[in-house]
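To start, the structure under review is shown below, and the notes come after it.
Computed over heavy atoms, backbone and side chain alike; hydrogens, waters and symmetry mates excluded. Sequential numbering from 1 along the given sequence is applied to the chain's residues. Not measured: the values here are computed from a predicted model.
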Amino acid sequence: MASLCLSLHQTLKPLAARRATPLTLSFPTSTISLRPTTKRASTLTTRASYTPTPATERVISIASYALPFFNSLQYGRFLFAQYPRLGLLVEPIFPILNLYRSVPYASFVAFFGLYLGVVRNTSFSRYVRFNAMQAVTLDVLLAVPVLLTRILDPGHGNGFGMKAMMWGHTGVFVFSFMCFVYGVVSCLVGKTPYIPLVADAAGRQL
């Protein structure tokens with residue numbers, strides 16, 4: 001009996017030793033290095049160089065548009081006769097207009113002075129020369145209705161010819177007045193006005 005117990009003890013002792021040994025799981029270690037990637041931020045810097053138009057160039061450009069406007073006032077006589085209150089719009093320039101008309105052949109003098117003294121004068125900037133050329137071109141176009149009136153001779157009274165002339169002259173004056181206001185406002189803020197039917201012809205002459 002004692003020998004049987006001794007043999008069982010010797011048999012179970014290795015099993016108990018094996019159960020007492022803790023189970024160890026080993027995994028291969030892998031090293032992962034996280035390095036912050038720095039991206040170069042390419043900053044595109046756009047420098048917009050804005051050069052304001054000098055005040056002298058603005059004044060000369062504004063004065064240039066006065067030439068076609070003064071010569072177009074004759075086309076507004078029918079409109080002013082029908083709506084007398086519209087004359088208040090041009091009343092502030094009456095002193096300048098009277099001075100302009102007091103000079104003999106003021107229209108021809110101003111025309112050639114503007115064309116030869118400003119447009120063909122390369123000492124002025126393109127801004128001034130372009131505005132002066134637009135004014136000269138517009139002034140030439142304003143002479144066309146006068147020539148058509150003398151050639152066609154609409155007559156007098158309330159006939160169709162007379163009414164067509166009144167409508168045509170009124171339309172010419174309204175167009176000239178809008179061009180004058182557009183040119184003056186654009187030159188005041190230093191921008192270049194582009195008058196329809198005039199800008200392309202003026203640009204080709206520079």
Side-chain angles (χ1 to χ4, degrees), residues 57-119 128-189 191-205:
E57 296 185 0
R58 300 185 191 184
V59 172
I60 296 175
S61 300
I62 292 174
S64 300
Y65 290 107
L67 172 65
F69 177 68
F70 287 167
N71 294 333
S72 67
L73 289 175
Q74 58 178 332
Y75 297 112
R77 63 182 185 274
F78 300 109
L79 184 64
F80 293 143
Q82 188 174 0
Y83 303 99
R85 291 185 178 181
L86 292 179
L88 298 176
L89 297 176
V90 296
E91 187 175 356
I93 65 172
F94 278 172
I96 303 176
L97 183 61
N98 293 331
L99 179 63
Y100 173 76
R101 292 182 174 178
S102 63
V103 178
Y105 304 103
S107 179
F108 293 99
V109 173
F111 178 86
F112 287 105
L114 190 62
Y115 181 76
L116 298 176
V118 179
V119 176
V128 177
R129 295 170 59 215
F130 178 77
N131 284 298
M133 191 62 212
Q134 274 200 137
V136 169
T137 306
L138 183 60
D139 189 62
V140 172
L141 293 178
L142 290 175
V144 176
V146 176
L147 297 177
L148 292 178
T149 302
R150 293 178 180 179
I151 295 173
L152 299 178
D153 191 14
H156 303 280
N158 295 325
F160 176 75
M162 188 63 182
K163 290 182 179 180
M165 185 190 71
M166 293 172 59
W167 295 335
H169 283 199
T170 301
V172 170
F173 172 74
V174 171
F175 175 74
S176 176
F177 178 76
M178 293 176 63
C179 292
F180 175 72
V181 173
Y182 171 59
V184 170
V185 173
S186 299
C187 293
L188 283 176
V189 298
K191 295 184 178 180
T192 303
Y194 293 95
I195 301 176
L197 306 177
V198 178
D200 293 337
R204 287 192 295 265
Q205 298 298 323

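Under the 4.5 Å side-chain criterion, counting only non-hydrogen atoms from C-beta, Pro193 is in contact with Tyr65. The closest side-chain heavy-atom distance from Met166 to Gln82 is not below 4.5 Å. Here the side chains of Phe69 and Ile93 are in contact, with some heavy-atom distance below 4.5 Å. You'll find the side chain of Val146 reaches within 4.5 Å of the side chain of Gln74, heavy atoms only. Residues Phe111 and Val140 form a side-chain contact, since some pair of their non-hydrogen atoms from C-beta on lies under 4.5 Å apart. No side-chain heavy atom of Val109 sits less than 4.5 Å from a side-chain heavy atom of Val103. Side-chain contact check for Thr149 versus Met165: some heavy-atom pair is nearer than 4.5 Å. Leu86 places a side-chain heavy atom less than 4.5 Å from the side chain of Leu89.
Atom-to-atom distance recorded for Asp200:CG and Thr137:OG1 is 10.5 Å, nearest 0.5 angstrom. Atom CD of Glu57 is separated from atom CG of Asn131 by 9.5 Å, given to the nearest 0.5 angstrom. For the atom pair CG of Leu67 and CG of Asp139, the computed distance is 4.0 Å after rounding to the nearest 0.5 Å. Expressed to the nearest 0.5 Å, how far CH2 of Trp167 lies from CG of Leu79 amounts to 14.5 Å. Summarising the geometry, atom OG belonging to Ser64 is positioned 4.5 Å from atom CG belonging to Leu114; distances are rounded to the nearest 0.5 Å. Note that CZ of Arg85 and CZ of Phe80 are 15.0 Å apart. Values are rounded to the nearest 0.5 Å.
When only modelled atom types and interatomic distance are considered, Gln134 and Tyr194 share no side-chain donor-acceptor pair under 3.5 Å.
In terms of heavy-atom proximity, Arg129 sits nearest to Val118 at CG-O, 3.3 Å. In terms of heavy atoms, Ala201 sits closest to Gln205 at O-CG, 3.3 Å. Pro68 and Leu142 get closest at one heavy-atom pair: O-CD1, 3.1 Å.
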Self-check item: Full working for side chain to side chain contact (heavy atoms under 4.5 Å, CB included) between Cys179 and Leu138
Solution: CA-CA 9 Å; Cys179 292; Leu138 183 60; 3.9 Å; yes

Exercise. Begin from the C-alpha positions of Leu73 and Arg101 and carry the test side chain to side chain contact (heavy atoms under 4.5 Å, CB included) through to its verdict.
Key: CA-CA 12 Å; Leu73 289 175; Arg101 292 182 174 178; 4.1 Å; yes

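Environment of CZ in Phe94: crowded, with over 12 heavy atoms of neighbouring residues, nucleotides or ligands closer than 6.0 Å.
For Tyr100 and Phe70, the ring centers are positioned less than 6.0 Å apart. If you look at Phe173 and Tyr75, their ring centroids are not closer than 6.0 Å. A centroid separation of 6.0 Å or more is found between the aromatic rings of Phe177 and Tyr182.
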